[in-house]
There are 2 protein chains.
Amino acid sequence: MELNNTTQYAIRMLSYIANSHGKLQNAKELSQILAIPYKFLTKIMTELVKSEFIISIRGREGGYKLAKPASQIMVLDILNQFGDIVKENQCILGIGTCDSENKCSLHDQWVTPKEMMIKMFAETSLENLEGDEFKI
Amino acid sequence: MELNNTTQYAIRMLSYIANSHGKLQNAKELSQILAIPYKFLTKIMTELVKSEFIISIRGREGGYKLAKPASQIMVLDILNQFGDIVKENQCILGIGTCDSENKCSLHDQWVTPKEMMIKMFAETSLENLEGDEFKI
DNA sequence: TCTTAATACTACCTTTAAGTAGTATTTAAT
DNA sequence: ATTAAATACTACTTAAAGGTAGTATTAAGA
Ligand code: SF4
Ligand code: SF4
């Protein structure tokens, strides 16, 4: 019951970059600051570049920056990119597709928290995650 | 964001056995009915026996039954046994320990669904999961 | 132009979860 | 006693996630 490691790293990386107001960030420093293994960070970063969350500048003095305003990058988009989705019909037990006709007794209790989580992920942008008072 | 496979199997196995009112169930049939690979099912079952969810009777005419009333086996106990826990202080991002003093903006939105889920798992017993109308 | 510091690419290694195979042990029925 | 049908044990294999290594490419700056 946790987001996978890669997703967590991606959120932290994007969140940190969102917080640096357009200044290019390079992988070496990010790796140290965020305590993410350098090679793994660059691997994830490349995926973020391909999926157009990030723009990279190669060569000396290069680095990474957001590809669009922080307010337009939702946490849910990141989860989707890394396959860490909470589907609308997803069963809490993972058994099947939730179906209000033929359901287990967890079903009704599961609907509300599931919807709250989806809403939370869908409505929270990197901008909302910004701020030095937060420990990301 | 899903329970792991082993946990899901365990819930379904226990749930089915809870539904059979004390009649011994054997691994071969369970495997067919629940569509869980026989060898994997017996492996999980052995863990359920050791952790005292299940009593096994060996030898011919043997099988499995609940070790205690269905009403006393909570879904949360099963999650705990298989390490699939939602901890009270667990961060939705998996980054650290949630701390209401120094928090990200997801924190407050995360508290409610998290508590609902924990409550749901803690208060739902195998008895609550019983019933032929449910598709487990 | 050469060096250096950055990202990108390809391929591999490691760890963990999931699943399988074979044998040993137990016990009721014959 | 023997057989058959069940669980238990030990060890292995496979698949997926997480992580690493080495090299190629790019571009600013001396
Ligand atoms: S009804 Fe229950 S078991 Fe069935 S899909 Fe929904 S949560 Fe899962
Ligand atoms: S405050 Fe936010 S980032 Fe920090 S532990 Fe809580 S949910 Fe996670």
Side-chain angles (χ1 to χ4, degrees), chain A residues 1-14 17 20 23-67 79 81-85 94-95, chain B residues 1-14 17 20 23-67 78-79 81-85 93-95:
Chain A
M1 287 301 293
E2 198 169 281
L3 298 179
N4 69 44
N5 231 332
T6 305
T7 310
Q8 292 177 24
Y9 285 159
I11 292 172
R12 291 173 57 214
M13 285 155 54
L14 286 165
I17 291 170
S20 56
K23 181 163 166 292
L24 282 187
Q25 298 293 331
N26 68 65
K28 194 176 166 200
E29 286 184 8
L30 286 172
S31 157
Q32 287 164 357
I33 293 167
L34 300 173
I36 298 172
Y38 174 80
K39 283 290 194 179
F40 197 28
L41 182 141
T42 59
K43 186 182 197 175
I44 296 167
M45 211 54 112
T46 299
E47 183 167 351
L48 290 172
V49 169
K50 287 193 175 146
S51 50
E52 301 183 323
F53 287 95
I54 289 283
I55 287 174
S56 66
I57 313 289
R58 295 179 67 163
R60 189 165 177 166
E61 305 292 296
Y64 301 102
K65 64 179 178 184
L66 292 189
L79 301 203
Q81 181 61 35
F82 292 93
D84 238 341
I85 39 182
I95 294 169
Chain B
M1 289 297 293
E2 198 169 282
L3 299 179
N4 70 42
N5 231 333
T6 305
T7 310
Q8 291 177 23
Y9 285 159
I11 292 173
R12 290 173 58 214
M13 285 155 52
L14 286 165
I17 291 170
S20 56
K23 180 165 167 290
L24 282 186
Q25 298 292 333
N26 68 66
K28 194 177 166 199
E29 286 183 7
L30 286 172
S31 158
Q32 287 164 357
I33 293 166
L34 299 173
I36 298 172
Y38 173 80
K39 283 289 194 179
F40 197 29
L41 183 141
T42 59
K43 188 183 199 175
I44 296 167
M45 211 54 112
T46 299
E47 183 167 351
L48 290 171
V49 169
K50 286 194 176 148
S51 51
E52 300 183 325
F53 286 94
I54 289 283
I55 287 174
S56 66
I57 313 289
R58 295 180 67 165
R60 189 165 177 166
E61 305 291 296
Y64 302 102
K65 64 180 179 184
L66 292 189
I78 307 170
L79 301 202
Q81 181 60 35
F82 293 93
D84 238 342
I85 37 182
L93 304 176
I95 294 167

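The chains referred to below are lettered A, B, ... by the order of the sequence lines, with proteins before strands, and numbering in each begins at 1.
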* According to a strict under-4.0 Å criterion, is B:K50 in side-chain N/O contact with OP1 or OP2 of D:dC9? -> yes

* Can you check whether B:Y9 has a side-chain N or O nearer than 4.0 Å to OP1 or OP2 of C:dG19? -> yes

* Asked: Hey, is the side chain of A:Y38 poking within less than 4.0 Å of OP1 or OP2 on D:dG22, counting only N and O atoms?
  -> no

* Asked: OP1, OP2 of C:dC9 versus side-chain N and O of A:T46: anything below 4.0 Å?
  -> no

* Asked: Is a donor-acceptor contact shorter than 3.5 angstrom present between the side chain of B:R58 and the base of C:dT27?
  -> no

* To do: Could you walk me through whether B:T6 and B:F40 pass side-chain contact (heavy atoms from CB on, under 4.5 Å), step by step?
  => CA-CA 9 Å; B:T6 305; B:F40 197 29; 3.7 Å; yes

* Residue mapping more 5' on DNA chain D - nearest nucleotide basis, A:P37 or A:R60 -> A:P37

* Asked: At under 4.0 Å, does any side-chain N or O of A:S56 touch on OP1 or OP2 of C:dT7?
  -> no

* Taking atom P of D:dA27 as reference, at what distance in whole Å does atom CG of A:N26 sit? -> 17 Å

* Between A:E61 and A:K43, which is nearer to the 5' end of DNA chain D once each is assigned its nearest nucleotide? -> A:K43

* To do: Please state how far atom NZ in B:K39 lies from atom P in C:dT23, giving the value in whole angstrom units.
  => 10 Å

* Asked: How is B:F82 classified with respect to the nucleic acid when contacts are heavy atoms under 4.0 Å: base, sugar-phosphate, or nothing?
  -> nothing

* To do: Spell out, as yes or no, whether a donor-acceptor pair under 3.5 Å connects the side chain of B:Q25 to the backbone of B:S20.
  => no

